[in-house]
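Since the model is a prediction, treat every value here as computed from it, not as a measurement.
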Protein chains: 2
Amino acid sequence: MIDDQWEPPPILLAVDLVILTLRESRLQVLLVERGIDPYQGAQALPGGFLQHTGESLIAAAHRELAEEADLDVETLRLEQLGVYDDPDRDPRGRVVSVAFLAIAPRLPEPIAGTDAADAGWQPVGRVLSGELDLAFDHRRIVTDGIERARAKLEHSALATAFCGPTFTITDLQDVYEAVWGIPLDPRNFYRKIKKTDGFIVSAGSARKAATGRPARLFRAGPREVLYPPMIRPVDSPNGKESVQ
Amino acid sequence: MIDDQWEPPPILLAVDLVILTLRESRLQVLLVERGIDPYQGAQALPGGFLQHTGESLIAAAHRELAEEADLDVETLRLEQLGVYDDPDRDPRGRVVSVAFLAIAPRLPEPIAGTDAADAGWQPVGRVLSGELDLAFDHRRIVTDGIERARAKLEHSALATAFCGPTFTITDLQDVYEAVWGIPLDPRNFYRKIKKTDGFIVSAGSARKAATGRPARLFRAGPREVLYPPMIRPVDSPNGKESVQ
DNA sequence: GTAATAGTGTCTATGAGACAATATCCG
DNA sequence: CGGATATTGTCTCATAGACACTATTAC
């Protein structure tokens, strides 16, 4: 707790960032090791406090993203994920945090953190299973972010954000399989994608692996809303949804 | 503006409430007439500032709901809609507002406001069209709330929240038609609803109107997530979504 | 040639949408 | 009975999913 030599502390506003990417065919989340006291040494989402009254939340999110993860701010679209305001979520006092979600394409191996003690990718499975313990309520925030990403893959062209500027349809399928956590039939996936006008546009062809027939390359198309949506096979066909 | 006899004012946290209901077969939103200075006399969403540091956002939302609209807090489920934090959104200074969305069943005609100068329902069409001008950025918040409600009708059993404890399938159809703003075929709607296990459960039958065959009555079932989803016919089959 | 991946064709079951037909009330 | 609404039946078309098959590369 903080020393109480003066007035009750005000409510502090913070931002937390859930940055997801695909590495080694697995969905991974960007985490930093906390360098200061509450939860020092624990893994946490990148983020921090608003620096001044006039700073907008999205500006703070972009600033933290640049500071802590050295990510290209321009290419990442941040989407508001939710507000986390349990009065007890931060031992330092009342901290209301606004979480943002972003999807990143595959990046050079180590994220060169300039600010945080250490920044790196972790498979989301280790977070969801509880194997990896996160500071504050960040496990819940990650859980919510993943569920949001899964849902957005159904109705939007978000999946292309996981890929580089050009990609194959198989690359795209890897995204869906990793985020949804289920296998898909390559043949049906291929036709479904190509039948959705504007989802992807041709970008030549190239040889990918050292084996097999080379795949055509595509770029993200103009369409952002998918109609009809991609269908996520249901594993629990009854009752309420079970997150985590 | 506020007088500046002391330190730069802190960031203030507020809640705004989008309460939707069905009246006269139209989607309507609860608005209050502002009694104090910024936008005095204009229509606005019910809401207000957090009263003390320890108050949670959801508690503040419920409190405002009770104060300004005299609504039964227990039956309404508030869902976080989003954060609105444009630094210029409130002339008094930096006010960050968290919006909540709730769906209310048909209620006794006049909402007896205890706090606000006046509270009442307005058809959302008048807000969306700009015919009715709202204070602050509340028109955007209402727009976002409606879009959220439309989307949730597809994938959740939210529609039953618009109805009373028991309702007919035609009542449910009225909800979908009003919120989506399109007509649906009664025969196909009927079968689709009954085929979705757990959406509704039987609750006897009763005569509704003075004419026609009496309909069976139902209650909301245990299912909250609809799989497969209800399908909202698409009016704009191409390109990006236009929220306006 | 074989191995491996990319891409196409085809069949089937299911479900959405159109709409005829029947049921059950009021007067 | 006729008018009105509720409920069921049936037909057609589109599509998801299963899966056989062909195409194109590396070796």
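- For the side chain to side chain contact (heavy atoms under 4.5 Å, CB included) with A/Trp121, the lone residue among A/Leu27, A/Thr21, A/Leu20 that qualifies is A/Thr21.
- In this structure, A/Arg213 places its CZ atom 9 Å from C1' of D/dT22, rounding to the nearest Å.
- Distance, A/Arg232 CZ to D/dA16 P: 16 Å, rounded to whole Å.
- Atom-to-atom, CG of A/Asp197 to P of D/dT15 comes out at 12 Å; the value is rounded to the nearest Å.
- OP1 or OP2 of C/dA6 sits under 4.0 Å from a side-chain N or O of A/Thr170.
- For the pair B/Asp185 CG and D/dT10 P, the interatomic distance rounds to 17 Å; values are reported in whole Å.
- Residue whose closest nucleotide on DNA chain C sits further toward the 5' end, between B/Pro229 and B/Gly212: B/Pro229.
- By the side chain to side chain contact (heavy atoms under 4.5 Å, CB included) test, B/Tyr190 is found to be paired with B/Ile169, B/Lys194, B/Arg216, residues two or more places apart in sequence or in another chain being considered.
- Atom CD1 of A/Ile231 is separated from atom C1' of D/dA18 by 16 Å (rounded to the nearest Å).
- Rounded to a whole Å, the CZ atom of B/Phe167 is 16 Å from the C1' atom of D/dA6.
- Between B/Leu226 atom CG and C/dG15 atom C1' the separation is 16 Å, expressed in whole Å.
- DNA chain D lies under 4.0 Å from at least one heavy atom of each of the following residues of residues 186-196 of chain B: B/Arg187, B/Tyr190, B/Arg191.
- Relative ring orientation between B/Tyr176 and B/Trp180 is described as perpendicular, the plane-to-plane angle rising above 60° on a 0-90° scale split at 30° and 60°.
- Taking 4.0 Å as the cut-off between side-chain N and carboxylate O, B/Arg148 and B/Asp144 do not count as a salt-bridged pair.
- Within the 4.0 Å cut-off from OP1 or OP2 of D/dT8, at least one side-chain nitrogen or oxygen of B/Arg216 is found.
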**Request:** For the pair B/His155 and B/Leu226, evaluate side-chain contact (heavy atoms from CB on, under 4.5 Å) and give the outcome as yes or no after the intermediate values.
**Result:** CA-CA 5 Å; B/His155 302 281; B/Leu226 301 186; 5.6 Å; no

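- In terms of the salt bridge (charged side-chain N to carboxylate O under 4.0 Å, His left out) criterion, A/Lys192 has no residue partners (sequence neighbours excluded).
- What separates CD of A/Gln173 from P of C/dA6 is a distance of 9 Å, to the nearest Å.
- At distances below 3.5 Å, not a single donor-acceptor pair connects side-chain atoms of B/Asp137 with backbone N or O atoms of B/Arg140.
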